[in-house]
Engineer: 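Here you go, one structure.
Computed from a predicted model, the values in this text were never measured in an experiment. Computed over heavy atoms, backbone and side chain alike; hydrogens, waters and symmetry mates excluded. Letters A, B, ... mirror the listed sequences (proteins, then strands); counts begin at 1.
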Number of protein chains: 2
Amino acid sequence: MNESFKALSDPTRRQILRLLREKDRTAGEIAEYFDMSKPSISHHLNALKQAKLVIDERQGQHIMYSLNSTVVQEVMGWFLELLGTDEDDNRDKGRDNP
Amino acid sequence: MNESFKALSDPTRRQILRLLREKDRTAGEIAEYFDMSKPSISHHLNALKQAKLVIDERQGQHIMYSLNSTVVQEVMGWFLELLGTDEDDNRDKGRDNP
DNA sequence: GATATAATTAGATGATTAACTAAATGACTA
DNA sequence: TAGTCATTTAGTTAATCATCTAATTATATC
């Protein structure tokens with residue numbers, strides 16, 4: 001979970017996620033959208049992959065990246081909790097402060 | 001928005017948000033929950049404040065911190081967009097899977 | 001005013017990170 | 001198998017970041 005948030009903290013990586021939301025793309029296609037070297041994009045893709053926010057699959061010469069909606073949903077679950085939109089509301093019943 | 005994600009990328013800061021979700025707390029109260037110097041906590045609180053994720057208000061000698069749900073919701077909006085749970089769905093007519 | 005408490009700001013340091021170039025790997029095609 | 005395209009890995013560098021201690025600001029009380 002920490003890795004997910006770390007991955008999301010970079011604007012380039014968030015832009016990559018938005019690109020992948022439209023459709024699956026290869027590393028090369030993704031790199032075209034940025035004014036940055038391909039190795040740098042590869043590094044960002046790896047960060048997203050470590051965080052399980054994207055899935056990669058080799059297709060012959062290319063490597064296809066796609067969004068992993070499951071994990072995105074998990075991260076969103078954290079936010080929902082933060083807003084009290086969850087079962088979470090009965091957790092501070094017996095709670096007293098230190 | 002970038003600042004919000006940066007702020008969320010640190011586990012200490014996310015923990016602080018969870019503490020504030022329960023109730024408003026002073027900087028000192030928050031610091032008690034962590035094995036970390038008060039200046040460090042102050043630094044984290046400032047990051048959250050810059051990101052507008054929390055609001056601070058002086059109450060006499062203390063400074064009270066509280067969660068800014070509005071901005072948390074904005075960030076969540078970003079996620080919803082990413083999952084296509086939004087009005088966003090008429091933007092990519094030619095998509096192939098549901 | 002003097003002093004105590006709450007919290008922040010300043011300045012320093014070690015760790016992490018994002019970016020680059022150059023080199024390596026993997027896979028297709030002649 | 002040589003050549004080429006796609007992508008990643010290695011190694012480096014500069015910037016950012018989390019943390020600390022020490023000093024400062026702000027408020028309350030005596």
Engineer: Please tell me whether Val75(B) and Trp78(A) are part of a single hydrophobic cluster in this structure, the criterion being side-chain heavy atoms less than 4.5 Å apart.
Structural biologist: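 Yes, Val75(B) connects to Trp78(A) through the hydrophobic network.
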
Engineer: To the nearest angstrom, how far is Glu29(A) atom CD from dA6(D) atom P?
Structural biologist: 11 Å

Engineer: Could you check how far CD1 of Ile63(B) sits from C1' of dT25(D), rounded to whole Å?
Structural biologist: 10 Å

Engineer: Do Ile41(B) and Phe34(B) have side chains that get closer than 4.5 Å, going by heavy atoms?
Structural biologist: yes

Engineer: Is there a side-chain contact between Leu83(B) and Met76(A) (heavy atoms, below 4.5 Å)?
Structural biologist: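 Result yes, sub-4.5 Å side-chain heavy-atom pair found.
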
Engineer: When we call it a touch if two heavy atoms are under 4.0 Å apart, what does Tyr65(B) touch: a base, just sugar-phosphate, or nothing?
Structural biologist: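 Counting heavy atoms under 4.0 Å across all strands, the contact made by Tyr65(B) is with sugar-phosphate only.
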
Engineer: Using the heavy-atom set of chain B and a strict 4.0 Å cut-off, write down the first and last nucleotide of DNA chain C that makes it in, 5' to 3'.
Structural biologist: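 Listed 5' to 3', the contact boundaries are dT5(C) to dT9(C).
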
Engineer: Which whole-number value in Å describes the distance from Glu57(A) CD to dA6(D) P?
Structural biologist: 19 Å

Engineer: Hydrophobic cluster membership, with links at side-chain heavy-atom distances under 4.5 Å among I/L/V/M/F/W/Y: are Ile63(B) and Leu45(B) in one?
Structural biologist: yes

Engineer: May I ask whether Leu20(A) and Met36(A) are part of the same hydrophobic cluster, defined by side-chain heavy atoms of I, L, V, M, F, W, Y residues being less than 4.5 angstrom apart, directly or through others?
Structural biologist: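 Yes; Met36(A) is reachable from Leu20(A) via cluster members.
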
Engineer: Taking the side chain as C-beta and beyond, is there a heavy-atom pair between Leu8(B) and Arg13(B) under 4.5 Å?
Structural biologist: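 Counting from C-beta outward, Leu8(B) and Arg13(B) never come under 4.5 Å.
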
Engineer: So do the side chains of Arg18(B) and Glu81(A) get within less than 4.5 Å of each other, counting heavy atoms only?
Structural biologist: yes

Engineer: Provide, to the nearest angstrom, the distance between the CD atom belonging to Gln61(A) and the P atom belonging to dT4(D).
Structural biologist: 13 Å

Engineer: Phe5(B) vs Phe79(B) aromatic rings, parallel, tilted or perpendicular, using cut-offs 30° and 60°?
Structural biologist: tilted

Engineer: Encode nucleotides 9-20 of chain D as B, S and - characters from 5' to 3', where the letter depends on protein heavy atoms closer than 4.0 Å: B to the base, S only to sugar-phosphate, - to neither.
Structural biologist: B-------SSBB

